[in-house]
There are 2 protein chains.
Amino acid sequence: MATIDDVAKAAGVSASTVSYVLSGKRPISAPTRARVERAIEKLGYRPHAGARALASARTNVIALMAPLRVGVNVPVIMQFVTGVVTRARDFDHDVLLLTQDDVSGLDRVTGGSMVDALVMMDIEADDPRVPVVAAAKQPTVLIGLPEDPEGLSCVDLDFEAAGRLAVRHLAAAGHTDVALIGSPPEVLLRHTSYADRLMRGLRGQAKASDVTVKVEACDASPAGASEAVDTLLATAPDTTGIIVHNEAALPHVLSRLADRGIVVGADMSVVAVCPTDVALSQRIAMTSIDLPAEDIGRVAVDMVMARLDGEQPSETRLLAPVLTERESSAPGPAADDD
Amino acid sequence: MATIDDVAKAAGVSASTVSYVLSGKRPISAPTRARVERAIEKLGYRPHAGARALASARTNVIALMAPLRVGVNVPVIMQFVTGVVTRARDFDHDVLLLTQDDVSGLDRVTGGSMVDALVMMDIEADDPRVPVVAAAKQPTVLIGLPEDPEGLSCVDLDFEAAGRLAVRHLAAAGHTDVALIGSPPEVLLRHTSYADRLMRGLRGQAKASDVTVKVEACDASPAGASEAVDTLLATAPDTTGIIVHNEAALPHVLSRLADRGIVVGADMSVVAVCPTDVALSQRIAMTSIDLPAEDIGRVAVDMVMARLDGEQPSETRLLAPVLTERESSAPGPAADDD
DNA sequence: CCGATCCGTCGAAGCGCTTCGACATTGATA
DNA sequence: TATCAATGTCGAAGCGCTTCGACGGATCGG
């Protein structure tokens with residue numbers, strides 16, 4: 001591989017001049033710049049990333065810690081990842097992928113100066129990773145909201161507002177008995193922050209709108225979904241509005257309802273909280289609150305980059321939920337006729 | 001951050017001794033080693049990755065190029081990724097994530113010496129990325145089989161054998177008219193290698209077993225799946241055995257069959273080619289040929305690591321398909337009664 | 001017409017590590 | 001007892017880049 005000295009020699013300049021051509025940190029005359037660029041081109045020169053990192057204390061790499069465990073929510077995770085990776089490239093950064101459980105990986109990549117910054121997904125209320133990255137010299141953005149962010153920036157959909165919005169939508173349509181079919185029990189037990197927040201919004205608005213709200217955890221399997229539906233209908237038979245916050249279970253919930261002869265969009269209104277493409281690929285176009293996963297990933301990168309080169313203070317951004325009415329929701333029993 | 005010199009000073013040895021303690025490349029006496037290790041511990045020392053890469057020409061990072069486009073097969077992709085990442089950690093390597101279309105990223109990470117090796121997924125018959133990585137100094141393993149591997153190692157499920165196996169299974173059960181519901185048309189058009197290979201096996205065995213085989217491409221959407229089923233049943237009404245090679249469409253194919261009153265496992269035998277967990281999370285446990293995605297990812301890393309430090313020649317490994325009989329397949333019309 | 005300024009370029013130092021050859025010790029061997 | 005090979009440690013060079021201070025020459029104002 002050609003080095004910067006080779007390029008310098010070929011262009012008849014010093015190595016530092018080549019460096020300045022590349023970085024633009026000092027003015028270089030047009031003819032010199034042109035000679036250097038030609039030499040770079042001719043030699044196929046690529047700066048050595050390690051050398052650069054050593055000299056400049058910048059790696060142009062960010063770490064992304066993603067929950068790679070199979071099963072739950074995988075397509076949604078992929079959307080986050082896509083958002084992060086593509087946006088990182090806009091900032092001329094690459095992405096180092098860490099798996100969720102690899103807490104020691106955080107030390108490794110921060111302590112070893114492998115990355116300039118971190119993005120962490122799927123944050124729990126009391127997440128053991130938060131103190132680790134809070135102590136690191138690299139800025140971090142959390143996707144999700146821990147109880148104590150310890151000075152770190154956070155970004156997420158405003159699930160609390162989403163919960164309110166969903167209930168308000170159903171209540172306005174005349175539903176008085178609504179329910180949530182939510183995340184798998186283990187997610188709820190972990191107190192994954194989004195599940196908690198959604199529930200808080202749900203309950204608050206239920207009180208305000210004077211509707212009842214029943215909550216069912218739900219495994220992502222067909223059996224789990226059936227069970228959740230059956231339990232719900234047994235214990236709260238008056239339910240006419242369901243909010244589903246579980247991408248993997250959604251199709252099975254709809255199947256089960258259909259099997260029981262319940263027509264979604266007529267007998268039963270269903271509002272999903274999920275990415276738009278998931279809402280649209282069900283057996284019926286779902287009224288849904290969009291989970292803009294790719295956007296969130298992008299925003300996370302924007303935030304982390306801002307902190308990287310200004311001395312921005314940390315911030316928390318909660319994206320406002322948007323509900324799109326489609327075919328799965330309809331007026332309920334208490335609706336005024338029109 | 002502490003440097004190696006800090007550690008050396010604290011332990012009362014030279015920097016090179018610290019280095020040798022860390023790498024084990026020269027013998028160090030037990031007491032010295034202990035002093036050094038204590039100093040490392042006390043200072044929380046982490047070698048600087050860039051410095052290390054510069055001095056040793058090793059980054060301990062491998063690149064993984066994965067198709068992050070949304071929609072198709074995402075969970076399967078995630079399994080590959082998981083296999084690669086976890087296995088890479090076993091070799092003390094991290095993973096840099098590149099997106100499929102980022103061909104220039106290949107130059108960037110290889111030319112810039114950001115990675116020691118590469119793994120590329122979703123290889124097409126005539127893949128433009130192959131010549132690029134073939135020219136790189138880093139070893140590469142392809143997941144999938146290009147027409148011309150240009151000296152690179154490859155690994156994949158033996159889809160051709162899988163095709164034969166599926167047909168043989170159905171033929172042995174007495175089916176004489178079988179069909180493939182396969183990948184989306186755009187995948188077939190790209191001549192993604194696995195689709196081609198599956199088809200070749202299918203056709204070959206069909207001839208040998210004297211059964212007919214009809215092929216339908218299939219979009220991953222519910223509509224696409226319905227259409228594929230409808231077309232198939234219209235143009236080949238005698239079909240009693242279907243092979244589905246399309247994870248995303250599989251549930252919708254089953255739905256459509258059910259909607260049409262066709263009982264899978266009785267009227268119609270269906271063999272899926274997909275990961276086991278997908279096969280098991282359908283409305284009925286599917287007879288399937290396992291796509292061992294995580295294994296393949298792991299093997300890819302094993303292969304690339306082998307090439308990294310022996311001077312192994314390149315090799316191609318095709319994993320033998322395994323068919324597991326479950327509830328979705330049954331004897332066909334030509335079966336001997338028993 | 002001279003000092004102050006600015007522009008464009010260079011040289012050298014240094015980032016933190018690995019690795020090679022050299023140098024003491026020590027123990028075994030003849 | 002003199003010799004030789006291990007064994008354990010050190011010093012120095014160098015990996016390829018960035019960046020800081022310096023410097024020559026052109027430009028400008030007074």
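For the numbers below, each heavy atom of this structure counts, side chains included, while hydrogens, waters and symmetry mates do not.
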Have [X] and [Y] got a donor and an acceptor in their side chains that come within less than 3.5 Å?
| X | Y | result |
| --- | --- | --- |
| Arg33(B) | Ser29(B) | no |
| Arg108(B) | Ser104(B) | no |
| Ser19(A) | Ser16(A) | no |

- [ ] Assign each of Leu54(B) and Gly12(B) to its nearest nucleotide of DNA chain D by heavy atoms, then name whichever residue's nucleotide is nearer the 5' end.
- [x]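 Result: Gly12(B).
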Would you please confirm or rule out a distance under 4.0 Å between OP1 or OP2 of [N] and any side-chain N or O of [X]?
| X | N | value |
| --- | --- | --- |
| Ser56(B) | dT18(C) | no |
| Thr17(B) | dT9(D) | no |
| Ser14(B) | dT9(D) | no |
| Lys25(B) | dT19(C) | yes |

What is the separation between atom [atom1] on [X] and atom [atom2] on [N], rounded to the nearest whole Å?
| X | N | atom1 | atom2 | value |
| --- | --- | --- | --- | --- |
| Lys9(B) | dC17(C) | NZ | P | 13 Å |
| Ile4(A) | dC15(D) | CD1 | P | 14 Å |
| Leu22(A) | dG8(C) | CG | C1' | 17 Å |
| Arg33(B) | dG8(D) | CZ | C1' | 11 Å |
| Met1(B) | dG16(C) | CE | C1' | 13 Å |
| Asp6(A) | dC15(D) | CG | P | 11 Å |
| Arg52(B) | dG16(D) | CZ | P | 18 Å |
| Arg35(B) | dG8(D) | CZ | P | 14 Å |

- [ ] Taking the side chain as every heavy atom from C-beta outward, state whether Ile28(B) and Thr17(B) have any pair of such atoms under 4.5 Å apart.
- [x]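 They are in contact (side-chain heavy atoms under 4.5 Å apart), so the answer is yes.
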Task: Glu315(B) and Arg317(B) ion-paired at < 4.0 Å - done: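 A salt bridge is present here (some side-chain N lies under 4.0 Å from a carboxylate O).
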Open item on the list: So that I can tick it off, tell me whether Asp90(A) and Arg298(A) are bridged by a salt bridge, with the cut-off set at under 4.0 angstrom between side-chain N and carboxylate O.
Closed with: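 No, Arg298(A) and Asp90(A) are not salt-bridged.
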Output the single nucleotide from [options] whose closest atom is nearest the side chain of [X].
| X | options | value |
| --- | --- | --- |
| Pro27(B) | dG16(C), dG8(D), dG16(D) | dG8(D) |
| Thr3(B) | dC10(C), dC17(C), dG16(D) | dC17(C) |
| Ala51(A) | dG16(D), dC17(C), dT9(D) | dG16(D) |

TODO: Under 4.0 Å between any heavy atoms, over every strand shown, what does Pro47(B) touch: base, sugar-phosphate, or nothing? Just pick one.
DONE: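 If one applies the 4.0 Å heavy-atom cut-off, Pro47(B) turns out to touch the sugar-phosphate alone, with no base involved.
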Open item on the list: Base, sugar-phosphate or nothing for Ser19(B)? Non-hydrogen atoms, less than 4.0 Å.
Closed with: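 The residue Ser19(B) makes base contact.
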Is it the case that [N] (base atoms only) and [X] (side chain only) share a donor and an acceptor within less than 3.5 Å, ignoring hydrogens and angles?
| X | N | answer |
| --- | --- | --- |
| Arg26(A) | dT19(D) | no |
| Tyr20(B) | dC17(C) | no |
| Ser16(B) | dG11(D) | yes |

